[in-house]
Protein chains: 2
Amino acid sequence: MPPRATPHAEPDAVLVSQDVLTRLKGDILDGAFAPGARLRFAELQRLYGAGIGTLREALSHLLPEGLVELDANRGFRVAVISAEDLRDVSALHVEFEQRSIVESVRSGDDAWEAGLVLAFHRLAKIERLSRDERKARSSEWLVAHRDFHRALVAACPSRWLLRLRAQLYDHMERYRLVSQRHRQLGPSKRAEHEAIKDAALARKAELAGDLLAAHLRETTETVLRHAPQFMPAATERGRARQPRSPTA
Amino acid sequence: MPPRATPHAEPDAVLVSQDVLTRLKGDILDGAFAPGARLRFAELQRLYGAGIGTLREALSHLLPEGLVELDANRGFRVAVISAEDLRDVSALHVEFEQRSIVESVRSGDDAWEAGLVLAFHRLAKIERLSRDERKARSSEWLVAHRDFHRALVAACPSRWLLRLRAQLYDHMERYRLVSQRHRQLGPSKRAEHEAIKDAALARKAELAGDLLAAHLRETTETVLRHAPQFMPAATERGRARQPRSPTA
DNA sequence: CAAGCAAGCATCTTCGAAAATCTGCGCGTG
DNA sequence: CACGCGCAGATTTTCGAAGATGCTTGCTTG
């Protein structure tokens, strides 16, 4: 599938580079750019309508996050994925989510509760829909899901824990989305989300942490179970050149 | 102190942007650019001899690492520091170092042992010197110290644990170096380093972890004890404009 | 025919000019 | 005198041309 770039989503992005960064990151996370694919400036320029310098800036931003890789004079590539990396990321991610939510529940105030209720409401509204409809509005679901999980841990007092959690969340999201391209949309996790939310609001920190951890582990298991389908298992180094796309 | 940029240190850096990145990061870590200071392109251009685009690329790289901050149309600033942030970073850093070294000791092979012995030797050679001499060769010590700590954990099988550890190490190093500008150079930690190395080579994973954690906690305590001296405690937002430097 | 070499092409990397934006100052006005 | 307005200078942001590098193809040679 030739990548089709996300349209401008946030007209409020003050900087072009920030807007490009957001869209590019989203397109890498949801697999519009396949893992390992080269990111050529000519194509990116066409897709995002930004200058080369601006694109380089956005890609440089993604470099330390581990979403793209750079080798000298050969340009940027989307970071590769592997079952091993997935297990590594997932183990740390589960742990960070758990620790974040425990601390968040313990120190959350009224504003946190309100934010959580709102985020859950938005997510539940989409998750109540039929599978087909959920699929059609998957990008909405993605944002709502992300916001819900962020709302759960938002009151965690450790900025660094949240920061690292966010990094790992991104990578897990990429694995989920890339794998989803090769299989059916799974069943809704509405009940699980609700249980976590209720535990959090009831201030049962440990319970919320355990539920969240189980929820995440299950997701990882699902992805791993389908891993061979979306990880072509060690194709030869460097990947075959992509067939020339249909052009404009 | 007007910042004086690090001279080209790695002639083997293939990309100008990578070279600039290395030097700029080093200069931020050791406080040549004070926390909160604005990073003006005119000045950076003069200091590093690189074009604006290249500088932007390097700064974009430092953005997700949390070493610089960006607000739209107002440019980049060195990330601010605070005792609260230091405690946050330190707690996670200690934990990550401990976990990394435990796993590293458990799965380290011959090559790891050799690397550790070598790194310790290099570090010890500098730490045996007198205080004055250590001060004179502080940049050498910095590299040796960094390499030693990296060698300790190098065999940890989790790439992500190592990656996050490295991020936190950088931030802790900045706190150490910025605080050191305002006080005497502390006593050598040679004995502690040796004890950690010996425990690691003796495959006493838990012991090595505990020693390392204690070593790091002590360092943080020292820095925190001197915090008021290098953290001017909430100067008014935006800081006074720096006096015009002597110019070229 | 295999290996080595060179030209041509594709692509990346660097750079600073031009446009956009912000900040500070001086002036006029209520 | 306080306040708002608008201009001038300072700074950031964007962009693509020009140079540098790597890859491929086709030719030459042993």
Side-chain angles (χ1 to χ4, degrees), chain A residues 3 5 8 10-24 33 36-63 68-78 236-245 247-248, chain B residues 3 5 8 10-24 33 36-63 68-78 236-245 247-248:
Chain A
H8 290 267
E10 311 182 36
D12 53 329
V14 190
L15 266 46
V16 173
S17 60
Q18 295 293 320
D19 179 48
V20 168
L21 172 62
T22 305
R23 295 195 282 150
L24 188 49
F33 295 104
R38 282 193 65 181
L39 296 167
R40 291 190 178 77
F41 285 106
E43 184 182 19
L44 298 180
Q45 212 164 172
R46 183 167 52 76
L47 289 172
Y48 298 101
I52 293 175
T54 308
L55 289 165
R56 258 191 105 78
E57 183 176 337
L59 289 167
S60 296
H61 194 131
L62 294 175
L63 213 39
V68 304
E69 294 161 353
L70 168 67
D71 38 10
N73 294 320
R74 300 227 21 209
F76 292 85
R77 283 190 331 283
V78 179
E236 73 283 20
R237 183 174 298 273
R239 292 173 57 92
R241 175 172 309 280
Q242 292 176 3
R244 180 165 300 278
S245 62
T247 85
Chain B
H8 291 268
E10 312 182 36
D12 54 327
V14 189
L15 266 46
V16 173
S17 61
Q18 295 293 323
D19 179 48
V20 168
L21 172 62
T22 306
R23 295 194 283 149
L24 188 49
F33 294 103
R38 280 192 68 180
L39 296 167
R40 289 192 180 79
F41 285 104
E43 184 182 18
L44 297 180
Q45 214 164 170
R46 185 167 51 76
L47 289 172
Y48 297 100
I52 293 175
T54 307
L55 289 165
R56 258 191 106 79
E57 184 175 336
L59 289 167
S60 296
H61 195 130
L62 295 175
L63 213 39
V68 304
E69 294 161 353
L70 169 67
D71 39 9
N73 294 320
R74 299 227 23 209
F76 292 85
R77 283 192 329 284
V78 179
E236 75 282 22
R237 183 174 298 274
R239 291 172 57 92
R241 176 171 307 280
Q242 293 176 2
R244 179 165 300 279
S245 62
T247 84

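Just the heavy atoms: all of them, side chains too, but no hydrogens, waters or symmetry mates, feed the values below. Bear in mind that the values here come from a model prediction, so they are computed numbers and not experimental data. Proteins come first, then strands; the chains are lettered A, B, ... in the order of their sequence lines, and each starts at number 1.
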Can you check the [X] [atom1] to [N] [atom2] distance for me, whole Å?
| X | N | atom1 | atom2 | value |
| --- | --- | --- | --- | --- |
| B:L55 | C:dT14 | CG | P | 11 Å |
| A:R40 | C:dA10 | CZ | P | 12 Å |
| A:R46 | D:dG16 | CZ | C1' | 18 Å |
| B:L15 | C:dT11 | CG | C1' | 13 Å |
| A:Y48 | D:dT14 | OH | P | 16 Å |
| B:L44 | D:dT13 | CG | C1' | 15 Å |
| A:E57 | C:dT13 | CD | P | 16 Å |
| A:I52 | D:dA18 | CD1 | C1' | 11 Å |

- Message: Among C:dC12, D:dT14, D:dT12, which nucleotide has an atom closest to any side-chain atom of B:R38?
- Response: D:dT12
- Task: Could you please name the option among C:dC12, D:dT12, C:dT14 that lies closest to any side-chain atom of A:F41?
- Result: C:dC12
- Query: Do you know which of B:V20, B:I52, B:L55 makes side chain to side chain contact (heavy atoms under 4.5 Å, CB included) with B:L44?
  - Reply: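 Passing option: B:L55.
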Does [N] have OP1 or OP2 sitting under 4.0 Å from an N or O in the side chain of [X]?
| X | N | answer |
| --- | --- | --- |
| B:S17 | C:dT14 | yes |
| A:N73 | C:dC12 | no |
| B:R56 | D:dT13 | yes |
| B:R74 | C:dT23 | yes |

- Measure the OG-CG distance between B:S60 and B:L70 for me, rounded to the nearest 0.5 Å.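 Nearest 0.5 Å value for the OG-CG distance: 7.5 Å.
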- Item | Spatial distance of atom CD (A:E57) from atom CD (A:Q18) [nearest 0.5 Å] | 7.5 Å
- Message: In terms of relative ring orientation, are A:F76 and A:F41 parallel, tilted or perpendicular, with 30° and 60° separating the classes?
- Response: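 Plane angle over 60°, so perpendicular.
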- Task: Would you mind reporting whether A:L47 and A:F33 have side-chain heavy atoms less than 4.5 Å apart?
- Result: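 When only atoms from C-beta onward are counted, A:L47 and A:F33 do touch, with a gap below 4.5 Å.
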- DNA chain D: 5'-proximal contact among A:G51 and B:A42 (nearest heavy atom):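 Comparing both residues, the 5'-ward one is B:A42.
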- With sugar-phosphate meaning primed atoms plus P, OP1 and OP2, does A:G75 contact a base, only sugar-phosphate, or nothing at under 4.0 Å between heavy atoms? sugar-phosphate
- What is the nucleic acid contact for B:L39, judged by heavy atoms within less than 4.0 Å: base, sugar-phosphate only, or nothing? sugar-phosphate
